[in-house]
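Taking it in order: structure first as structure tokens, then the write-up.
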Amino acid sequence: MKIKVTLTNGKVKEYQADTTLAEVARDENPDLARMVLAAQINDNQVVDLSYPLEQDTKVRFLSFEDEEGKQVFRHSAAHVLAQAVKRLYPQTKLAIGPAIKDGFYYDFDASQRFTPEELEKIEQEMRNIIKNDFPFTRTELTREEALVKFSEVKEDYKVELINNLTNTPVVSLYTQGEFTDLCAGPHLPSTGKLGAVKLTSVAGAYWRGDERNKMLQRIYGTAFPLPAQLEEYLFRQEEAKRRDHRRLGVELDLFSFHEEGPGFPFFHPAGMVLYNQLVQFWREVHEKQGYQEIKTPLILSQDLWEQSGHWEHYRENMYFTKVDEKDFAVKPMNCPGSMLIYRSRLHSYRDLPVRLAELGLVHRHELSGVLHGLMRLRCFTQDDAHLYMLPDQVGEEIIGVINMVEQFYQTFGFKYRVELSTKPEKAMGSDEIWEMATRALQDALQAKGMAYKVNAGDGAFYGPKIDFHLEDSLGRSWQCGTIQLDFLMPEKFDLFYVGEDGQKHRPVMIHRVIFGSIERFIGILIEHYAGNLPLWLSPVQVKVLPIADRHLAYAKEVTANLEKEQIRAELDTRREKINYKIREAQLFKIPYMLVIGDKEVANNTVSLRHHLQGDQGPVPLPPLVQMIRQKIENKTF
RNA sequence: GCCACUAUAGCUCAGCAGGCAGAGCGCGUCCUUGGUAAGGACGAGGUCACCGGUUCGAGCCCGGUUAGUGGCUCCA
């Protein structure tokens, strides 16, 4: 029987049925065939090259350049890792080993520890396996057969996995050399395709990601077809580390951490300038958008938190204290305080929406192991706001907030991802209310035409939310902005407004943040700009550098002129050489340096140097001041 | 919180076989008045994270604590 194979380049070829994809690839282009790792058929399934074609098929060959190809490649590397581990430590039990972004991992239940030295040995064994160029071969067994097979070799985790594969009568296994693993596949044709592998770290990981389960040892690694690609990857990782906000925070003297307050940041003067600039920008925008700013106390009676549901749903993250024998809690969120203000006077439907914004310092007892610079703290400032509105204002208000988020992130040139989080297990309120709220958020996203991912069960305990995620220098993503729709808190706090009919009605509430936390946002900003902050955020915008003492008087005059125009300028009066002063200003990533010597004094100019563009030559001060002012106002570099 | 690793001067890091604690940068004083990324000399600075143990003797070996790092779980 003949079958038709359609390739991505449009070619249609005829083959004998049972021709494998590998044969098709070789026939199409023998050179390219060496690059091909797997194939996608009929726009959905990714399969091995040994897959025999039985009917007319659309084929897309996958190489390492394709995301799916990378996945296959790294997944095969994970199998080789498992094989190496089994060779060296035969009693080790295998859990799972998928490909991930940038690499792969495999989880093991082993009696011995995988120290860095052990990783070396394992890596060496992997290289042997690669050199042997074992083909990956696929076999299928019924679930019962597979259960017997894996029970015999005491692979308890595999047995559990098979038991959970209830919707399929057969399971697939992949074998390379003496090693066989339960696996859906697909895989590379053979281990020899794995050009360069590297084991990067060991970490603990709970079986099935559940902290009640046993902690396994997870070995992380990465793999590339060519050693040069691996080198480049490792180099990029190093580069990323150089952008790490924790490192730059020290170098630029922005903030610090101390043993006396784990997870509690200390902002230095320079860091505070950055912080305050963000806040100033935030206030300007919010004022224009009809928000009113409030401030509520850090410590509030425990009764309040019982009323809000935090006691029930959020207690393990809260700090408690006693005042005059009464129980109080340090606020982990700002909403109850805001609601007390809303409730402190009567609201007419004509007043709504009421938008109360608060830069609220919240404290949350995060697990010690999760703390991470400014990104994950135990106290942070939320740029919070609570919007109280009529039910029919919900759509408009959500869109208003989304627009604001866009405006902010655009200002910084951030790419972001949007997620919609739905009702969690531990939640207040009925399914109907949750459905209604979730629907409202979806509608708003749809109206904005935004792509988003659904995060089932990840909502706040009082309502579903839209989250905005930004990426840090190592590609980890951090939640920043969030919009949470809440029908429940107004109920709990008996909030109302007086409607047209003179009766009490329940308002709807939106909780939202845009930066998320000012601290985390600063961390992301630092990494995003690699410490080269835009002019308007730079703690020092201009450094004035006189060459010799006799230029000091003029330099002071220049500095004063800059300061008069609200430009953050500093004068370096030290008796150091100009090269030295420039180097220091460069290291502090100060955007503009003004060098002043005999020529400048004589001509009434300054010599301009930009920290990224270098020497710009002499310019008169007034137009320069104007240019700088303009850049600050436009928030450009 | 869990798993693993780490902790030496303000910062980056050496240190050996268990035998008087080091370098560079930074800081201070002095000399140098220097034109676009480090001028020179001298000097101060340490409870080797903390507590305990082994030892004639511990920065080094062992146990614990604290903090940090990479993950897991959780989250702005």
Side-chain angles (χ1 to χ4, degrees), chain A residues 105 107 113-116 118-119 200-220 241 244 246-247 250-251 253 256-263 314 316-317 332-333 360 362 364-384 421 458 460 465 467-470 474 476 478-482 484 511-521 523-524 545-552 575-587 593-600 607-611 614-618:
Chain A
Y105 68 77
D107 285 348
R113 280 187 215 154
F114 294 126
T115 61
E118 302 297 317
L119 284 196
T200 48
S201 65
V202 203
Y206 301 107
W207 166 237
R208 293 182 159 257
D210 189 327
E211 64 183 324
R212 287 165 301 197
N213 287 340
K214 181 166 185 181
M215 181 158 274
L216 309 173
Q217 294 190 73
R218 172 171 301 177
I219 299 181
Y220 283 92
K241 274 187 196 150
D244 192 313
R246 292 167 300 184
R247 179 195 183 103
V250 175
E251 285 173 10
D253 198 16
S256 58
F257 286 91
H258 303 275
E259 212 171 297
E260 291 81 352
Y314 208 71
E316 62 278 16
N317 281 302
M333 296 187 194
V362 296
R364 298 181 182 179
H365 182 247
E366 301 290 349
L367 297 177
S368 58
V370 307
L371 303 177
H372 180 90
L374 292 180
M375 306 295 203
R376 198 69 190 272
L377 297 164
R378 281 182 172 156
C379 84
F380 54 94
T381 312
Q382 291 187 304
D383 63 317
D384 215 344
S421 297
D458 236 12
K465 55 180 186 167
D467 291 328
F468 297 85
H469 294 255
L470 301 180
L474 287 170
R476 289 173 294 210
W478 298 95
Q479 187 182 318
C480 290
T482 158
Q484 308 175 348
H511 311 239
R512 49 109 281 189
V513 289
I514 290 181
F515 289 138
S517 96
I518 313 265
E519 293 82 353
R520 175 179 288 182
F521 199 80
I524 291 170
L545 307 174
I547 289 175
D549 286 353
R550 62 177 178 281
H551 309 125
L552 255 178
R575 295 183 59 177
E576 293 291 350
K577 289 204 166 42
I578 193 65
N579 282 349
Y580 184 90
K581 293 183 183 177
I582 287 172
R583 176 181 156 82
E584 195 174 274
Q586 282 287 146
L587 291 176
M593 284 155 269
L594 306 186
V595 176
I596 291 172
D598 291 335
K599 282 180 282 185
E600 288 74 17
S607 269
L608 179 64
R609 181 189 167 94
H610 186 266
H611 73 138
D615 190 358
Q616 309 286 301

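Numbers restart at 1 for each chain; the letters A, B, ... are given by sequence-line order, proteins then strands. Note that the structure is a prediction, hence the values are computed from the model and not measured.
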N or O in side chain of R246(A) less than 4.0 angstrom from G70(B) OP1/OP2: yes

Identity of whatever pairs with A38(B) - Watson-Crick or G-U, under 3.5 angstrom: none

Phosphate contact (U69(B) OP1 or OP2) by K241(A) side-chain N/O below 4.0 Å: no

Rounded distance (Å) that lies between atom P of C74(B) and atom CD of Q479(A): 13 Å

Sugar-phosphate only, base, or nothing, as touched by N317(A) at under 4.0 Å among non-hydrogen atoms: nothing

Side chain proximity check, H365(A) to R378(A), heavy atoms < 4.5 angstrom: yes

Of F380(A) and D210(A), the one whose closest RNA chain B nucleotide lies more 5': D210(A)

Of the listed nucleotides G34(B), A37(B), U73(B), the one nearest the side chain of Q586(A): A37(B)

5' precedence on RNA chain B between L367(A) and A203(A) (nearest-nucleotide basis): L367(A)

Touch class at under 4.0 angstrom, heavy-atom based, for E366(A) against every strand present: base

K599(A) side-chain proximity, nearest of G35(B), C74(B), A4(B): G35(B)

Heavy-atom side-chain contact between R113(A) and E118(A) under 4.5 Å: no

Side-chain donor/acceptor contact of D549(A) with base of U33(B) under 3.5 Å: yes

Close side-chain approach of R246(A) and F257(A), heavy atoms under 4.5 Å: no

Touch class at under 4.0 angstrom, heavy-atom based, for I578(A) against every strand present: sugar-phosphate

Nucleotide of U73(B), C5(B), G71(B) approaching M215(A) most closely (side-chain heavy atoms): G71(B)

Between C75(B) (C1') and F515(A) (CZ): distance, integer Å: 20 Å

Pair K465(A) + D458(A), salt bridge at N-O below 4.0 Å: no

Distance in angstrom units between K581(A) NZ and A38(B) C1', rounded: 14 Å

Touch class at under 4.0 angstrom, heavy-atom based, for L587(A) against every strand present: base

Steps toward side chain to side chain contact (heavy atoms under 4.5 Å, CB included) verdict (R520(A), F380(A)): CA-CA 8 Å; R520(A) 175 179 288 182; F380(A) 54 94; over 6 Å; no

Sugar-phosphate only, base, or nothing, as touched by E118(A) at under 4.0 Å among non-hydrogen atoms: nothing

Between P of A4(B) and NZ of K214(A), the distance in whole Å: 12 Å

Check: C74(B) base within 3.5 Å donor-acceptor of R376(A) side chain: yes

Sugar-phosphate only, base, or nothing, as touched by V595(A) at under 4.0 Å among non-hydrogen atoms: base

Length of the CG-C1' vector between L371(A) and G71(B), whole Å: 14 Å

Nucleotide paired to G59(B) in any strand shown, Watson-Crick or G-U, under 3.5 Å: none

Minimum-distance nucleotide to Y220(A) side chain [options: C72(B), A67(B), U33(B)]: C72(B)

Non-hydrogen side-chain atoms of H551(A) and D598(A) separated by less than 4.5 Å: yes

Side-chain-base donor-acceptor pair under 3.5 Å for S607(A) and G35(B): yes

Sidechain N-carboxylate O distance under 4.0 Å for R208(A), D210(A): no

Separation between CD of E251(A) and CG of L587(A), rounded to the nearest 0.5 Å: 8.5 Å

N or O in side chain of S368(A) less than 4.0 angstrom from G1(B) OP1/OP2: yes

Validation row: N579(A), E584(A) side chains within 4.5 angstrom (heavy atoms): no

Watson-Crick or G-U wobble mate for U6(B), both contacts under 3.5 Å: A67(B)

Nucleic acid footprint by protein, nucleotides 25-32 of chain B - heavy-atom cut-off 4.0 Å, B for base, S for sugar-phosphate alone: -SS----B

Sugar-phosphate only, base, or nothing, as touched by R218(A) at under 4.0 Å among non-hydrogen atoms: sugar-phosphate

Separation of atom NE2 in H258(A) from atom C1' in A7(B), rounded to whole Å: 17 Å

I596(A) side chain near L545(A) side chain, heavy-atom distance below 4.5 Å: no

Touch class at under 4.0 angstrom, heavy-atom based, for R364(A) against every strand present: base

G45(B) to G22(B) separation - C1' atoms, rounded to the nearest Å: 13 Å

Any N/O donor-acceptor pair, Y206(A) side-chain to G71(B) base, under 3.5 Å: no

Length of the CD1-C1' vector between I596(A) and U33(B), whole Å: 16 Å

R609(A) CZ to G35(B) P, straight-line distance once rounded to whole Å: 15 Å

Side chain of R550(A) - closest among U33(B), A76(B), G68(B): U33(B)

For Q479(A), the option from V513(A), L470(A), D467(A) that meets side-chain contact (heavy atoms from CB on, under 4.5 Å): D467(A)

Watson-Crick or G-U wobble mate for G43(B), both contacts under 3.5 Å: C27(B)

Nucleotide opposite G1(B) in a Watson-Crick or G-U pair, distances under 3.5 Å: C72(B)

Sugar-phosphate, base or nothing in reach of G597(A), heavy atoms under 4.0 Å: base

Phosphate OP1/OP2 of G70(B) contacted by H372(A) side-chain N/O (<4.0 Å): yes

